[in-house]
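Below is one structure, written out as structure tokens; the observations come after it.
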Amino acid sequence: MTGDKSFVLKGDICYSEDRNLLRTVEQGYLVCLEGKSEGVFKELPEQFVNLPLTDCGDQMIIPGLIDLHIHAPQFSFRGLHMDLELLDWLNTNTFPEEARYKDLDYAKKAYQIFADAMKKSGTTRACIFATIHGPATEVLMDIMEETGLKTMVGKVNMDRNSPEYYCENSAAESARDTEAWLEHVMLKYTNVSPILTPRFIPSCTDELMERLSGIQKKYRIPVQSHLSENLSEVEWVKGLCPASRFYGDAYDQFGMFGGKVKTVMAHCVYSSKTEIGLMKERGVFIAHCPQSNINLASGVAPVRTYLEQEMNIGLGTDVAGGSGESIFRAMVDAISASKLRWRLLDESLKPVTVEEAFYMGTLGGGAFFGKVGSFLKGYEFDALILDDSSLPHPQALSLKERLERFIYLSDDRHIKGKFTEGSRIF
Ligand code: GUN
Ligand code: FE
């Protein structure tokens with residue numbers, strides 16, 4: 001019952017039990033046994049008294065944060081060039097930068113900067129888009145493996161409607177490169193695993209989708225993509241896929257829309273009732289990326305609808321649509337965006353609460369990775385230690401208030417410790 005991954009942390013503990021229930025335990029004991037949580041206790045149970053105990057004092061202990069959608073090659077231009085909408089932004093800024101990653105020296109340099117930032121952040125798990133280049137995607141996976149974070153990384157597929165300098169030559173070539181990449185990386189890592197990544201319907205021919213569906217069945221890996229993000233994009237998909245009843249149907253036709261195939265779709269700002277119905281039925285995960293949706297003037301997703309329907313939903317930064325990697329910031333943006341939506345667009349959909357935002361950034365998104373995102377017994381032990389001692393307040397705040405303030409201040413410099421599956425990252 002000992003070993004590196006069995007220990008106790010004592011401190012001010014906060015975690016979600018479900019979307020409405022934020023549990024706070026002051027000076028509680030959080031027990032990690034062989035990398036899994038045994039739960040949170042007010043008094044340390046007898047059977048754990050011999051485990052090594054770290055007293056975190058008045059620091060807060062929360063589950064690791066989950067980023068369900070981020071583009072590693074776009075990290076280099078985060079915070080730049082935000083004055084365009086999605087389709088122009090892709091052509092003007094995104095594709096030229098992603099094309100650079102063909103050069104492995106550039107990829108190593110840029111991906112190391114990304115990985116260093118991710119390591120320091122509050123994120124313990126992430127679903128990551130790379131580029132169309134298999135070898136550079138493997139470089140990213142090698143670098144992410146070293147961080148100790150648990151990530152899924154995808155080589156991007158795109159064989160149409162893309163500039164000549166950043167487009168795969170054919171569906172056959174795209175599929176061949178994807179299989180070659182998978183053969184290299186499938187069993188290579190402890191912390192990183194591959195995820196199938198058709199960029200979005202406009203950039204993938206039916207033939208490519210058909211081939212990717214075959215690859216998905218062969219390797220049984222999850223799928224990530226984009227869905228119903230922007231009005232021009234949604235109109236474009238209608239024209240490209242006249243046989244599809246709605247955008248999501250164009251993925252579903254090829255068996256890449258949930259059910260047995262674990263699927264995460266970013267955005268879902270303009271999902272129709274039927275699209276929402278199928279996502280719910282199939283357990284498709286929604287990566288809500290509020291800052292990206294604001295920066296690219298895409299809109300605001302109806303998060304209240306998704307929460308009330310008990311759908312699978314977590315948060316994404318969508319760097320470089322989003323300007324930074326902080327999931328605390330994504331929580332605040334989810335709340336703020338929902339308030340504007342409520343006030344300006346639809347007063348029937350109440351704003352997101354802080355408990356719900358915290359839930360989405362931990363347990364909601366964590367479910368994509370299994371039993372992740374909470375300290376309930378049996379969950380993978382991913383945790384952060386947060387120090388708010390340099391943020392004094394003239395009154396004694398409750399633990400929930402301290403957490404809320406920490407989220408709103410969104411300053412990763414106050415993260416003092418980070419664990420994934422019981423291993424200390426820093
Ligand atoms: N849709 C297709 N590609 C992208 C991308 O790189 N970012 C965002 N936000 N949406 C996309
Ligand atoms: Fe994206």
Side-chain angles (χ1 to χ4, degrees), residues 67-101 114 126-133 137 140 152-163 166-168 174 195-205 208-209 223-237 240-241 247-248 250-251 256 263-271 285-301 314-325 327 330 333 337 365:
D67 191 340
L68 281 186
H69 186 78
I70 184 165
H71 297 260
Q74 298 177 18
F75 194 72
S76 52
F77 70 93
R78 73 197 186 288
L80 293 170
H81 319 309
M82 300 286 9
D83 296 330
L84 296 170
E85 289 188 51
L86 176 68
L87 301 175
D88 290 333
W89 175 80
L90 287 172
N91 284 310
T92 310
N93 305 308
T94 309
F95 296 153
E97 177 60 18
E98 289 193 14
R100 288 177 185 268
Y101 288 74
F114 168 76
C127 293
I128 304 175
F129 279 55
T131 62
I132 62 172
H133 316 103
T137 302
L140 173 60
M152 297 186 193
V153 175
K155 175 214 158 322
V156 171
N157 297 98
M158 39 201 294
D159 73 334
R160 70 169 172 186
N161 295 320
S162 310
Y166 192 56
C167 187
E168 296 174 292
S174 178
I195 180 165
L196 209 58
T197 308
R199 183 172 207 116
F200 66 158
I201 290 296
S203 64
C204 299
T205 59
L208 176 55
M209 293 299 280
V223 173
Q224 61 180 354
S225 194
H226 295 92
L227 181 67
S228 300
E229 174 179 4
N230 160 290
L231 287 170
S232 311
E233 172 212 21
V234 171
E235 278 309 302
W236 195 15
V237 170
L240 288 168
C241 308
Y247 193 158
Y251 294 106
M256 290 189 279
T263 304
V264 56
M265 289 287 164
H267 307 301
C268 308
V269 174
Y270 296 104
S271 293
F285 280 74
I286 298 160
H288 175 44
C289 308
Q291 196 183 54
S292 169
N293 298 154
I294 295 167
N295 281 338
L296 297 174
S298 298
V300 185
L315 296 175
T317 57
D318 194 29
V319 164
S323 313
E325 71 281 12
I327 288 291
D333 290 329

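Start at 1 and go down the list; that is how both ligands and their atoms are numbered. This is a predicted model, so every value here is computed, not measured. Residue numbers count from 1 along this sequence.
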Report summary line: Closest to atom 3 (N) of ligand 1 among protein heavy atoms sits R199 NE, 2.8 Å

Query raised in the report: Which of parallel (below 30°), tilted (30 to 60°) and perpendicular (above 60°) describes F77 and W89?
Result: tilted

Requested in this report: Just jot down the ligand 1 atoms closer than 4.0 angstrom to any heavy atom of H267, in number order.
Outcome: 9 (N)

Query - Polar proximity ligand 1 side, Q74 side, N/O cut 3.5 Å exclusive - result: yes

Report task. Mark the output for E233 as yes if a heavy-atom distance to ligand 1 is under 4.0 Å, and as no if none is. Result -> no

Query raised in the report: Can we call the ring centroids of H226 and F129 under 6.0 Å apart?
Result: yes

Report task. Spell out, as yes or no, whether a donor-acceptor pair under 3.5 Å connects the side chain of T197 to the backbone of I195. Result -> yes

Query raised in the report: Is any N or O atom of D318, backbone or side chain, closer than 3.5 Å to an N or O atom of ligand 1?
Result: yes

Query raised in the report: For atom 5 (C) of ligand 1, which candidate among T94, N295, L90 provides the closest heavy atom?
Result: L90

Query raised in the report: Mind checking whether W89 has a heavy atom under 4.0 Å from ligand 1?
Result: yes

Query raised in the report: Is any side-chain heavy atom of P202 closer than 4.5 Å to a side-chain heavy atom of V237?
Result: yes

Requested in this report: Evaluate the side-chain proximity of E98 to I132: yes if any heavy-atom separation is below 4.5 Å, no if none is.
Outcome: no

Report task. Using a 4.5 Å cut-off on heavy atoms from C-beta on, say whether the side chain of L296 contacts that of E229. Result -> yes

Report summary line: Near the Fe ion (ligand 2), meaning under 2.8 Å, the protein N/O/S atoms are H69 NE2, H71 NE2, H226 NE2, D318 OD1

Requested in this report: Among all protein heavy atoms, pick out the one at the shortest distance from atom 10 (N) of ligand 1; state its residue, atom name and that distance to 0.1 Å.
Outcome: E229 OE1, 2.7 Å

Query raised in the report: Can you name the ring pair (Phe, Tyr, Trp, His ring centres under 6.0 Å) partners of F95, sequence neighbours left out?
Result: Y166

Query raised in the report: Judged by modelled atom types alone, do Y247 and E233 share a side-chain donor-acceptor pair under 3.5 Å?
Result: yes

Query raised in the report: Among side-chain atoms of S232 and E85, is any donor-acceptor pair under 3.5 angstrom?
Result: no

**Report entry** Trace of the side-chain contact (heavy atoms from CB on, under 4.5 Å) decision for L208 with R160
**Finding:** CA-CA 10 Å; L208 176 55; R160 70 169 172 186; over 6 Å; no

